[in-house]
Amino acid sequence: MSTETAHATEHDEANHDHWSDLSYVRLALALALITAIEVAISYKVDELGAVFLPLLLGLMLVKFFSVVLFFMHLKFDNRLFSLMFYLGLGLAVAVYAAMLFTFRFFGS
Amino acid sequence: MADTAVHDAVAEHDDHGHATSTGLSNNKLAMWLFLGSECLLFGGLISTYMLYRGRHTANLGPDQVWDIPFTSASSFVLLMSSLTMVLAVTAAKRKDDRNTNLWLTVTAILGSLFVAGQVYEFTSFYREGLGYTTSLFSSSFYTLTGFHGVHVSIGVIMLLATVGMILKNRIPGDKAEVVELVGLYWHFVDIVWILIFTLVYLIPA
Amino acid sequence: MSRSVTQPEKVQPEKVRTDLMPIEPPDTRSNRPRLRTAAVGIGASFALASCASNAPQDTWAPEGKYAQDIHNLQWPIFLIAGIVGVIVFAVIAFVVVKFKDRGQPIPEQSHGNALVEYVFIAIPALLLAGIAVPTVATVISLSDTDNADCVVNVTGQQWWWEFDYPVDADGNICGFAPTGEAAPIITSGQMVIPVDAKVVIRGTSRDVIHSFWVPKLNGKRDMVPGRVHTWNFHANQPGIFAGQCAEFCGLSHANMRMEIVALDDADFQSWIDNQLEPYQSPEQGTLAAKGEQTFVSQCSRCHQVDGLTNADGELVVASPEQFVWSGAAPNLTNLMTRNTFAGGSWDLITEDRRQQVWEASSQRFGALYLEGVTEGTLNEIDLKEWLRDAPSKKPMYTDPANLESTNGKTRGMPYLALSEDQINELVAYLIERK
Amino acid sequence: MAPIEKPAPATTPAVATPSSSYGVFRRPVESTGWKSWLFTIDHKKIGIMYGAVALFFFLVGGFEALLIRLQLAGPNGTILSADKYNQMFTMHATTMVFLFVMPMAAAFANYFVPLQIGARDVAFPRINAFGFWCFLGGGLFLNTSWLLGGAADGGWFMYAPNSSIPFSPTNGIDFWGLGLQITGIASLTGAINLIVTVINMRAPGMSLMKMPIFTWMILVVQFLLLFAIPVITVALFLLMFQRNFDATFFTVEAGADPLLWQHLFWIFGHPEVYILILPAFGIVSEVLPVFSKKPLFGYPLVVFSGCAIGFVGWGVWAHHMFASGIGPISVAVFSVSTMAIAIPTGVKIVNWTMTLWGGKLTYTTAMMFSIGLIVEFTIGGLSGVTHAVAPSDTQQTDTYYIVAHFHYVLFGGAIMGIFSGLYYWWPKMFGKLLSEKLGKWNFWTMIVGMNLTFGPMHIIGLQGQPRRMYVWTEARAGEGFFNLGFWNLVSSIGAFILGAGVLLFFINVLITSRRPERAPLDPWDARSLEWMTTSPPKEHNFDVIPTVGHLDEFFHRKYEDRGEGDHHDFHQVATAEAILAEQEANAEAHIHMPSPSYWPILLAFSLPVMAYGIIFNLLLIPVGAAIALGSMFGWSLEPHTASAGDYDPPAPDGSAELEVSTHG
Ligand code: HEA
Ligand code: HEA
Ligand code: CUA
Ligand SMILES: [Cu+2]
């Protein structure tokens, strides 16, 4: 873990943090649109076949990270905050995915 | 040699300020740590649901009880509350108390609407026969969404308390930061719902 | 060096102290690596544990293929661990003596030495990589439960094991064709298997998690309710091998034992035939005949005796699911062919007899075991105590006042308030269940 | 505590007595007497309370262990019934792990992390106090189960479905689950607090790689706690819903898979064992350099290996489930990942040894405990490696061989480290040296006792004795050198020797506390910042916040390098007294420490109230919730420093800016 970024903080914030309210509104509308698409494709499971799940999960991740990066400012904020959050997120995904995986190998 | 391995990052330490070694706010750091920890909490609940989603009584599985249009609407409400929240934060940074309070209140209302929707959803599922203990599916579904609902409710209380404290001018320290912290929590609750909505509702059983 | 089953023909009064024998007794099975001796030489206490001892559950005394596979893997690893340990201790001892403060000047304030550090990362890494390869190979090979010679269903419950030998599509049981009519064999406490065969158990549990473990034949495998786990057994020679439930399963976990009994093919055939012999009522007017009536009135609601009929000539079918939380009680049809009871915790045979059986040579073992329990070798004391008041002998949750959480069902066998007469009758009846 | 104007050297400020009232709840401002402890938010007082309570629970857990050993000394023991025995080992483990080792680490962390990084307190002092009271409340709550119908009886990992109502109908497991939830809050809040403290409140100049190694290890541990506690929280909630609200998460008839519990428990449980050991590693890494008069060998590598242990520790949990039927692929993967953990741990052993190498070793009691750790932990670690070999673990798991492993790493590791820390830091905390003579006795009886107790368990286990058996029988004991009877007896005798060893520590404390002599300022010629202040430290820790230029800053202030180039030649140029005097002469003019508060203790005690409510009467829940809400409200409105009016006479300028950033 490095704290080298500390000095840069003030500077960075000054540059990017002022997303205008309008851009936030635009992002929110985009997210609403993605949600609509998600719902729509959930009615087309059979048509989409193998594409369905990756597509749906992809859209979910786009929404997820949009909120994290922009609404929660993680993109512009100090790297230390990202580290704290992604450490937890990454561990959670890795560990629980592995756990669910073990249930599949069960048998002798 | 150790001493030179990492760049010395300690900021100038003035005598009376709030300077911290990294220049970051204690509170914000704590909030992000807490959210990192919450990932493992919700991860556990989501995994439990994923493991048990298929284990239900004949006619009371996800496909039978879900009301996707309704849930989509309440998801939309929660998503929009993230927007109003972020507007409150920018207002607070501009030291615009009036708009801060306005957007905080709207966020709280949207949040309450979402919780109300969840209560409605639960009761209608219940009427269809899906009780908390009906099946593994129902227990893990109610537990997961219940935990989320409790988080939203706590968020609503925090929002309203913040509004109250801003009105009475009782916030110790940095007002904008308090709003920002509440915002982080609120957005986190929103992203958890983004996961739940897709993983729980939209993926067919 | 470990206990050999091949022992002198005559049954010796004192135990054979193989652990004190100067020379390794003739070992017919494995050409165990010479290095074993070296391991002992190293003096690591772990390695010493491979030395002679006759604890029946010694994990360093394999008697079958799978246990041997494990052993071949484990002894070199104990050896490596021992060597690493000895080196570490030697270095520490050296340092502690050598660098004691004797007034020397303040040492160099050096912060480290990259070479030393990387070397000491590389050495353990290589060692461990060396260990990992055979480990993974053994994991995979041990998990192969296809091509069984014999399949037995094993069910654990609080606090005993049930063994159920299914009849396969060809009408065979455990790979053997019964002489008479084939029917599933259900027994408890002792699992009888043919020698030198790949026996696969399909195991589960009726209540909580138990673990099936007979150390001389294989490692343990948990028996989890709702799942069926398969696991291999193989015995080199006829004999009796001790086991114990190894997963904590509540009050009488300590009293949940079992044995695996390996018989050669002929003996195994007679065991099967005997198990399948039709039921014979006791002769009219004997004590045992009275016992049969008592059994029907008191015991048969839980315990099945195949072929038993009531006064009206109807078959008596037990319904333990109404009385016992796990839903089963031991099948007593052939109780006296086994030599322990109640989760292998007490002997049905006398102490002397027990020693004869356990120490019998592999040639004599089968015959001795098949004799089962006879009038002369019955351990009446423990059996009667059991019938008098089972829960006070083996801790079980059977107190009628506390059965709320289990809908009035017991976990284990309740106190039945039998009179001494009834007990005598029952014992007379049970002694004929062979 | 009062704002301190230019603190007088080495004296505590005049006691302030409250007079005026602050609404209904006047702010507590006492700095002596019982109230100063009850409402304190001083990290040092909280640290001492953590330690005292933890040591008390050590006696409780040890007492339970002695009963266990008494029962097992001979075949068919009759000291305890089967039921009591099961409660005994469950509570022994729970007490030792959650109520002794973890809080003991919290004690040291609380007391010494701020001192080692040159801070005046932790980042959130009130949350710190809250954490302590949660731990105390949870621990007491847990132990009241003994009196209220029986303690938990499912073993410390509480496997489902044996933990469901039909198999354990008493309230014991409810107490266990709720009690652990409450102590879990202590751990989680403590973790956030300490991470923020370490990241944000270091003295100027102290970069991460100049941080004392103890602080580093505590940092790693707090991250482990941060991410592991929520996992057990989920598991405990599922268990609670199962037991109290009829959910079926572990009911097989409803289709549940009992292995879910095992996964959740061990995903928490394995990081937990490193939570137990890493603080001890940190202590040892402080003590060995001091008594070798050398810096820690390969400091960066010790830091990174600590991080690596913490990280890899997340990928090995299923090694506790090798026999549970998770399938060969999972078994193989987890087997290999478990072996990988031996590498970073080996790094520590090597670096400690190399620290000693070429040193100038003095064998104080603290040093002996540290060397004891290296030796005993290595034994435990090596048996750990034999477990990692999955096929042979199927012979070992759930036998005494495992019990031997984890007592060697826990007692031979964590406890040795803790005792080393106690002897090392005692003069700092209390201004008194513990008797070295008694200390040596203490050490040797403990070493002999522990090897006699836990050494034979290797044999007992390999001879096939399963763990958690309330009796063992002659029938399975065998004969000859390795017979179970003999070694069980040896183990029991060892346990009593060990108990005597532990008691010697308490006797030592009692005796030395009566002696008048005070410890010298720098009894060990130590190297890190906590020694650069009075013993015990003043309420504000340092009169001037030091500026740090070196790892081992204090050493470098005392010694000067007169060597040239690569050749070092150290000479003492200053004494601790001189350095302290200089600090006091230049003391900062305005030091404002946060004031005590009622709310943390009140909020913490609302939790057991609600927990009793869940078990006995749901009506108690709203009562507890009301207390909780009220105290949260009071908490959030309370300023960090008491207003001037709370003091008598009114203190000057009580609401001034804080020197340290302390938003509790
Ligand atoms: C302080 C706590 C602690 C620590 C540090 C460890 C450390 C390790 N543990 Fe242990 N463990 C426990 C506490 C701990 N354990 C507990 C409490 C249980 C039982 C829980 C229960 O069931 O109740 C348990 C159980 C347990 C099991 C499950 C056993 C079973 O139930 O079947 C396993 C299996 O792999 C295991 C492995 C290891 C390994 C590989 C390490 C490694 O980290 C050890 C690494 C150290 C060394 C190896 C020594 C030093 C290294 C060198 C000198 C370098 C050279 C070495 C080699 C090349 C080999 N442990
Ligand atoms: C840090 C953890 C820790 C520590 C320090 C200890 C310390 C000890 N443990 Fe511990 N033990 C565990 C963690 C620990 N244990 C765990 C996790 C388990 C697994 C439980 C399970 O299976 O669920 C276990 C299980 C366990 C068992 C196995 C039980 C079984 O499987 O049936 C045994 C048996 O001998 C045992 C013995 C001991 C002994 C003799 C000590 C000794 O070191 C204790 C020494 C201390 C003292 C003796 C205290 C001194 C006090 C006095 C002398 C007097 C007291 C008087 C009054 C209070 C008035 N322990
Ligand atoms: Cu069955 Cu333990
Ligand atoms: Cu582990």
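Note that the coordinates shown come from a computational prediction; the quantities given were computed from them, not determined experimentally. Residue numbers start from 1 in every chain, and the chains themselves are labelled A, B, ... in the order their sequence lines are given, proteins ahead of strands.
- With sequence neighbours excluded, the residues that form a salt bridge (charged side-chain N to carboxylate O under 4.0 Å, His left out) with D/D552 are D/R527.
- Taking CD1 of D/I199 as the reference point, atom CG of B/L33 lies at 6.5 Å (rounded to 0.5 Å).
- Residue contact with chain D, scored on non-hydrogen atoms closer than 4.5 Å, involves the backbone and the side chain of B/S140 alike.
- Residues of residues 104-133 of chain B lying within less than 4.5 angstrom of chain D, judged on heavy atoms, are B/Y132, B/T133 in numerical order.
- Residues B/M165 and D/S636 come closest through the heavy atom pair CE-O, 4.2 Å.
- Partners of D/F268 according to the ring pair (Phe, Tyr, Trp, His ring centres under 6.0 Å) rule, which considers only residues two or more places apart in sequence or in another chain, are D/F265.
- Heavy atoms closer than 4.5 Å to chain B are found in the side chain of D/L238, but not in its backbone.
- With a 4.5 angstrom heavy-atom cutoff, D/F237 touches chain B only via side-chain atoms.
- The distance from the CD1 atom of D/I192 to the CG atom of B/N26 is 12.5 Å, given to the nearest 0.5 Å.
- Using a 4.5 Å cut-off between heavy atoms, B/T134 makes no contact with chain D at all.
- With chain D as partner, the option from B/G36, B/S139, B/S138, B/A161 having the largest number of non-hydrogen pairs under 4.5 angstrom is B/S139.
- Of all residues spanning residues 37-56 of chain B, those with a heavy atom less than 4.5 Å away from chain D's heavy atoms are B/S37, B/L40, B/L41, B/G44, B/L45, B/T48, B/L51, B/Y52, B/R55, arranged by number.
- The two atoms that bring B/L136 and D/T248 nearest to each other are CD2-O, 3.0 Å, heavy atoms only.
- With a 4.5 Å cut-off on non-hydrogen atoms, B/F147 touches chain D through its side chain but not through its backbone.
- The number of heavy-atom neighbours closer than 6.0 Å to CG of D/D561, taken from other residues, nucleotides and ligands shown, is above 12.
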